[in-house]
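Take a look at the structure set out below.
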Number of protein chains: 2
Amino acid sequence: MTNKNHPCANCSFYEQSLWRPVAGANMSTLARNFTRREMEAGSVLYHQGAPSDGVYCVSRGLFAIRSFGPDGSSSLLRLAYPGELIGYRAFLTGRDHRTEAQALLPSRVCVVAQRDAKQVVRACPEVLTRLAVRCADELDLCHDRIQEAARSPNKERLAQLLEQLMAAHGTKDGRFERMHLPISRQDLADILGVQPETLSRLIKRLQSEGRLRTSGRWIEMPGPMQKHVI
Amino acid sequence: MTNKNHPCANCSFYEQSLWRPVAGANMSTLARNFTRREMEAGSVLYHQGAPSDGVYCVSRGLFAIRSFGPDGSSSLLRLAYPGELIGYRAFLTGRDHRTEAQALLPSRVCVVAQRDAKQVVRACPEVLTRLAVRCADELDLCHDRIQEAARSPNKERLAQLLEQLMAAHGTKDGRFERMHLPISRQDLADILGVQPETLSRLIKRLQSEGRLRTSGRWIEMPGPMQKHVI
DNA sequence: CGTGAAGTTGATGTATCTCAATTGTCGTGG
DNA sequence: CCACGACAATTGAGATACATCAACTTCACG
């Protein structure tokens, strides 16, 4: 049996796909209940407090996973790029979403509805293994973030964050890299856990140190440094 | 078939046990390769960077899950109480431990070695489901912590932390609760992500506000407040 | 070309870090 | 039982970082 019927077969993340191990009869189940959903920038995939209605795989674009406090304050817990899985925590635990997922760019997600996902997972434990591993990976990222927050000052954390964003969204331009920031200053501040005014001043400091140049949402940074042999 | 042969049958956390769904032939496998390990306070269950050698379930005592930075700085990522699972991240992903687990009190863990755990999980997917759910739960805790760090000031976070510790380790004494802190000031500081000097001053402030009294590792706090109807 | 939201700047108070010095705690051996 | 040392914890002083509030500017967009 070839996998040309696999709904993820044409996806560029097929090999890493959560659903990759699905085969046989389950593949038909999966194919039948598998939908793509196009989303415009700014629209929300699922809201905080909503019940789980399935598992989502980002196929194109970019999502922000946010959490809002009772007082209206917001945290940006992670960004989800194509190939990443979102909404699986609520699926795994059966509890409501504790975060909201908002598209930051025109995006596409592949959706497997709750009931069908459960059925496929039951029939194909290898899928569950992959799911658990992704969960463990995200746990690592959280741990890293907690440690970074305790270790490096916010200015350095911002520089790191911008480098990561540059790697994902930047284009080379001579010795410099340039990008259009996919997220607002407020979101940047929410990632670092500081106020927007503070973020603005952190950026100014990095700028005065010659580590970047900004103009609105455009940011320019010197490319990855050459390593010198001392 | 009764479950009197189940190695976790006598554990007070049996119903919630990861291995609870194991039955039949797998139960014998589990029972054969199941060991208990007593640990004295201060000893280390696994080191950061060590390869995974199984899954551990805390049966008695208390463990600190720590991470050390390249510069020697430490973070305390979580405390693990009886009934909780530790070391499963390395088991799930097959990568090395990124944290170390140290007993803070005389403790006991139940160990299922790598190879056997894998075999049982393969034969009994319900175990994997439970494992994934625990992972998702820990992810929630991490998210909560990141948000708390961004929202509440460190003084309030310390007060919350002490209340949690009091709930776990305190004993009522009239209108007050009293406990012997199971962790050092350095560890408390590592949980909050502040320096020990700052922690000392935060405690002093709480003390001057009458919210607690300390003497070495002994801490006394007024019990849970009566709710007043306005 | 106005209008509202997003972003910036300034001024000021609070919180935290850092380094150094001091005090306290606990186990050990005299 | 006490003295002692090693380490944990506290305190002080000064510098740095961040929050807050208000005013201002820039930007996106109709």
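Each chain gets a letter, A, B and so on, in the order the sequences are listed, and its residues count up from 1.
- Not a single ring pair (Phe, Tyr, Trp, His ring centres under 6.0 Å) links B/H143 to another residue, sequence neighbours left out.
- Using a cut-off of 4.0 Å between Lys/Arg side-chain N and Asp/Glu carboxylate O, B/E38 and B/R60 are scored as salt-bridged.
- Applying the side chain to side chain donor-acceptor pair (under 3.5 Å) test to B/S73 and every residue at least two apart in sequence or in another chain returns A/R151, B/D71.
- Rounded to whole angstrom, the span from the CG atom of B/L158 across to the P atom of C/dT16 amounts to 11 Å.
- Residues satisfying the side chain to side chain donor-acceptor pair (under 3.5 Å) test with B/E197, not counting sequence neighbours, are none.
- Between the side chain of A/R201 and the base of C/dG10 there is at least one donor-acceptor pair of N/O atoms closer than 3.5 Å.
- At a threshold of 4.0 angstrom between heavy atoms, the contacts of A/K204 are confined to the sugar-phosphate backbone, with no base atom among them.
- To the nearest angstrom, P of C/dT14 lies 17 Å from CG of B/N154.
- The nucleotide range of DNA chain D contacted by chain B, defined by atoms under 4.0 angstrom from heavy atoms of the protein and reported 5' to 3', is D/dA9 to D/dA13.
- For B/E163, the side chain to side chain donor-acceptor pair (under 3.5 Å) test picks out no residue, with sequence neighbours left out.
- Listed by chain and number, the residues in a side chain to side chain donor-acceptor pair (under 3.5 Å) with A/S67 are B/Q147 (sequence neighbours excluded).
- In this structure, the separation between CG on B/N154 and CD on B/Q160 is 11.5 Å, given to the nearest 0.5 Å.
- Side-chain atoms of B/R157 come within 3.5 Å of backbone N or O of B/L192 as a donor-acceptor pair.
- The two atoms that bring B/S52 and B/Q114 nearest to each other are OG-OE1, 3.0 Å, heavy atoms only.
- Taken to the nearest 0.5 Å, the CG atom of A/L181 stands 11.0 Å off from the CG atom of A/L104.
- Of the inter-residue distances, the one linking A/L77 atom CG with A/E100 atom CD reads 11.0 Å to the nearest 0.5 angstrom.
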Restricting both atoms to N or O, compile the protein contacts to nucleotides 2-4 of chain C shorter than 3.5 Å, with distance only.
none

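- Here B/K172 contributes atom NZ and B/M166 contributes atom CE; the two are 9.5 Å apart, rounded to the nearest 0.5 Å.
- Applying a 4.0 Å cut-off to non-hydrogen atoms, the residues of residues 185-200 of chain B that approach DNA chain D are B/R185, B/Q186, B/E197, B/S200, listed by residue number.
- Applying the ring pair (Phe, Tyr, Trp, His ring centres under 6.0 Å) test to pairs two or more places apart or on separate chains, those with a residue in residues 51-73 of chain A are A/Y46-A/Y56.
- Put simply, CG on A/L202 is 14 Å from C1' on C/dG7, counting in whole angstrom units.
- Within the structure, the ring pair (Phe, Tyr, Trp, His ring centres under 6.0 Å) test picks out the following pairs touching residues 153-198 of chain B (sequence neighbours left out): B/Y81-B/H169, B/H180-B/W218.
- Distance, A/R205 CZ to C/dT8 C1': 16 Å, rounded to whole Å.
- Minimum heavy-atom separation, B/S17 to B/C8: OG-SG, 3.7 Å.
- One axis for each end of the helix from C/dC1-D/dG30 to C/dG30-D/dC1, each built from five base pairs, and the angle between them comes to 30° at 10° resolution.
- Taken residue by residue, residues 63-74 of chain B places no heavy atom nearer than 4.0 Å to DNA chain C.
- With respect to B/E138 and B/R89, no salt bridge is recorded, no charged nitrogen being found less than 4.0 Å from a carboxylate O.
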